[in-house]
Amino acid sequence: MKWSQALIPTLKESPAEAEIASHKLLLRAGLIRKLAGGLYTFMPLGLRVLRKVERIIREEMDRAGALEVLMPALQPPEIWQQSGRYETAQDVFYKVRDRAKKEWILGPTHEEVITTLVAGELSSYRQLPKSFYQVQTKFRDEIRPRFGLMRAKEFIMKDAYSFDSSDEASQVSYQKMYDAYTRIFQRCGLQAFPVEADTGVMGGKFSHEFMVPAETGENEVVYCEACNYAANIEKATSRHMMHSDLGETEQAIEKFATPGAGKIEALAKEPFNVPAHRQIKTLVYMVEDKPVLILMRGDHKLNESKLTGTLGTATFRAATGEEIVESLKTRPGSLGAVGVKDIPIYADETLRETKQMTTGANEDGFHIRNVSVSRDIEVKQWADLRLAQVGEECSKCGQPLKIRRAIEVGHVFKLGTKYSIAMNALFLDEAGNRQPAVMGCYGIGVTRTMQAIIEQLNDKDGIIWPLSVAPYQVCITPLNVASGAPTLSVAEKFYSELNAAGVESILDDRDERPGVKFKDSELVGFPIRINVGEKSLANGEVEIKVRGGEMILVKVEEAVEKVREIVREKLANLAG
RNA sequence: CGGAGCGUAGCUCAGCCUGGUAGAGCACUUGCUUUGGGAGCAAGACGUCGCAGGUUCGAAUCCUGUCGCUCCGACCA
């Protein structure tokens, strides 16, 4: 490609709408343009990158034995009713109506479609295992699209689904995908690592997310450097952290006056001096419009993802002030669960053995002390409800946990038989028994991955593309492009030789000052640039500049081979 | 959906408080000069000031509504 014939609309300044580095660079490098919030056009160079990421994904999916299909983006709501997700997924749907006023759904994902397909096509254990994948546009009515391609209303996803005849076989399929993902991100030049993840209302058995560490990421990952434990904070656990002074002896409960002390911190200070870890935090939540109490230790926070799992529904919210008064007959500040019988009580495991605890008395200005939780409170269910915090002990090895932010670029889910049962994806096993297929599902946010690469690989000058996904591998920059100039003819020779050798090159034949060309090529992020200038050409030399790396002088006749060598080396590193 | 901020040239923004008929830089066009790190000079083109009402002799400016964008929160497979 000749630059003069391409459309690479670079910008010196960042549009005001962009907040994070990768979003700014996508716009500044002319890779995407916004149509509306969460909706973007891929410009020619941006599309080249996208296609390269897709190609890597396809190669690894094929290698893992998955079969590519292409399913409709438009889906009938009936299949969502059949799976039972029509209500729960309601909020993410874009719905359209045809001329007969029938409702259709723009697909946010394809479990229902693929399982319907498989129900009709696979009927024997002999046909299993089978995995399918597609690369396709998904539609989700995101409450708040942001950060360019990171969270968009319409985005490209690679989704894959595995069908197996047994749990053990499903585990094998899962592992294949897990391994494929590891290779995909490595080939994209991304540092991505797997973490244990919450299955949410997907109803799966377990799941891993592939995370790219980034301060701007929307996820928090809890990890341990000592034993490699890593989990999404929604799922992360830590050791119970039993303080030595959580009460040795049981004593009779005792109400005492705490005027004006309505918060954990207030009670922890003079004149009460009850440390936060000796208090019980009483939270009121409305679950499907009925109140429940959640008990946490005073120094702990509730993890609402874990609460979802415990309650078996995501339809809950913190109660309003009025609802609290209605439920407990007292205002927030002195809430407690002692003596409460008509409201279900869920308590964090950490509280189970604690004694001599202090909690609200359900009477303004009064608390109760010497509470032995198991003795004094009618707990309906004990559960791990705690949000893991920095410095707590790793539940595997006991070392202190750390937390960092990350971008989720992929997830793998072991689904079980939820969808195969709902959609009747049954097969006959060896004994002639009808069984539901055991499923897994596996997603990669393709457009998000593209942006994550930029977020991870950039500097003050622009993007630093890994060779595997760069829009062009080499940018050839003649400093003088006057017709007949030696710099131009040498550059053109490199251009044709490199392209003939399969090295994707772009020739910056614009009649621009050198500074402009250098800045543009670094902004767009081509991995290798060849500077053809009159000064070095007088010595029979040209410059090879590696983006983000060194500049070397080579003889004109050796330049093409040297570039090919660098390309080979860089690709080999990415292949691992 | 709650809170906050912003909508003026393709982009970044000033002007608004204190009403008087539209500005700068970058980008674009033409010419001359320049030519190894986002050039200089000169000339030029580009705006229903998001939209709709209202107040006023007069509205980019004040008021109301509305739409859009951004951020925080909630929400989110």
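Proteins come first, then strands; the chains are lettered A, B, ... in the order of their sequence lines, and each starts at number 1. Note that the coordinates shown come from a computational prediction; the quantities given were computed from them, not determined experimentally.
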Exercise for the section: Identify which nucleotide among B:U34, B:C1, B:C26 has an atom closest to any side-chain atom of A:Ile143, counting heavy atoms from C-beta outward. Expected result: B:C1

Practice task
Report the distance from atom NZ of A:Lys519 to atom P of B:G37, rounded to the nearest whole Å.
Solution key: 10 Å

Practice task
Under 4.0 Å between any heavy atoms, over every strand shown, what does A:Glu522 touch: base, sugar-phosphate, or nothing? Just pick one.
Solution key: base

Problem - Rounded distance in Å - CZ (A:Arg510) to P (B:A27) - result: 13 Å

Exercise for the section: Would you mind telling me which of B:C69, B:G38, B:C75 lies closest to the side-chain atoms of A:Arg146? Expected result: B:C75

Handout entry: Candidates B:U34, B:G38, B:C75 - which lies nearest the side chain of A:Glu304
Key = B:C75

Exercise for the section: Give the ring-plane orientation class for A:Phe526 versus A:Tyr472, where under 30° counts as parallel, over 60° as perpendicular and anything between as tilted. Expected result: tilted

Exercise for the section: May I ask you to say what A:Asp520 touches in the nucleic acid, namely base, sugar-phosphate or nothing, with a heavy-atom cut-off under 4.0 Å? Expected result: base

Problem - Residue-phosphate contact under 4.0 Å: A:Arg317 side-chain N/O, B:C75 OP1/OP2 - result: no

Practice task
Name the nucleic acid region contacted by A:Ser305, choosing base, sugar-phosphate or nothing; use a 4.0 angstrom heavy-atom cut-off, strictly under.
Solution key: nothing

Handout entry: Among B:U12, B:G38, B:G36, the one nearest A:Phe518 by side-chain distance
Key = B:G36

Handout entry: Separation of B:C71 P from A:Glu17 CD (nearest whole Å)
Key = 10 Å

Practice task
Evaluate the side-chain proximity of A:Met150 to A:Thr216: yes if any heavy-atom separation is below 4.5 Å, no if none is.
Solution key: no

Handout entry: Candidates B:U35, B:A27, B:G36 - which lies nearest the side chain of A:Lys12
Key = B:A27

Fill in the blank from the handout: Checking B:C11, B:C76, B:U35 against the side chain of A:Arg151 (C-beta onward), the nearest is B:C76

Exercise for the section: With the side chain counted from C-beta on, respond yes when A:Ile530 and A:Thr477 share a heavy-atom pair under 4.5 Å apart, and no when they do not. Expected result: no

Exercise for the section: For B:C71, take OP1 and OP2 only and decide whether either is under 4.0 Å from a side-chain N or O of A:Arg144. Expected result: yes

Practice task
Report which part of the nucleic acid A:Gly37 touches: base, sugar-phosphate, or nothing (heavy-atom distance under 4.0 Å, all strands).
Solution key: sugar-phosphate

Exercise for the section: Between B:G37, B:C11, B:G36, spot the one nearest the side chain of A:Pro514, thanks. Expected result: B:G36

Exercise for the section: Output yes when at least one side-chain N/O atom of A:Lys517 is less than 4.0 Å from OP1 or OP2 of B:G38, else no. Expected result: no

Practice task
Scan A:Arg28 against the nucleic acid and name what it touches under 4.0 Å (heavy atoms): base, sugar-phosphate only, or nothing.
Solution key: base

Exercise for the section: Give the rounded distance in Å between these two atoms: CG of A:Leu11 and P of B:C28. Expected result: 12 Å

Exercise for the section: Look at all strands and tell whether A:Lys138 reaches a base, only sugar-phosphate, or nothing, counting heavy atoms closer than 4.0 Å. Expected result: nothing

Exercise for the section: Quick one: label A:Arg529 by what it contacts on the DNA or RNA (base, sugar-phosphate, nothing), any heavy atom closer than 4.0 Å. Expected result: base

Exercise for the section: Using atom types as modelled and distance alone, determine if a side-chain donor or acceptor of A:Glu112 lies under 3.5 Å from a backbone N or O of A:Arg85. Expected result: no

Practice task
Assign the ring pair A:Phe132 / A:Phe163 to parallel, tilted or perpendicular, where the plane angle (0 to 90°) is split at 30° and 60°.
Solution key: perpendicular

Problem - Parallel, tilted or perpendicular: rings of A:Tyr174 and A:Phe206 (30°, 60°) - result: perpendicular

Practice task
Compare the minimum distances between each of B:G36, B:G38, B:G37 and the side chain of A:Leu479, then state the nucleotide with the smallest one.
Solution key: B:G36

Handout entry: Residue A:Ala16, side-chain heavy atoms: nucleotide from B:G38, B:G37, B:C13 that is nearest
Key = B:C13

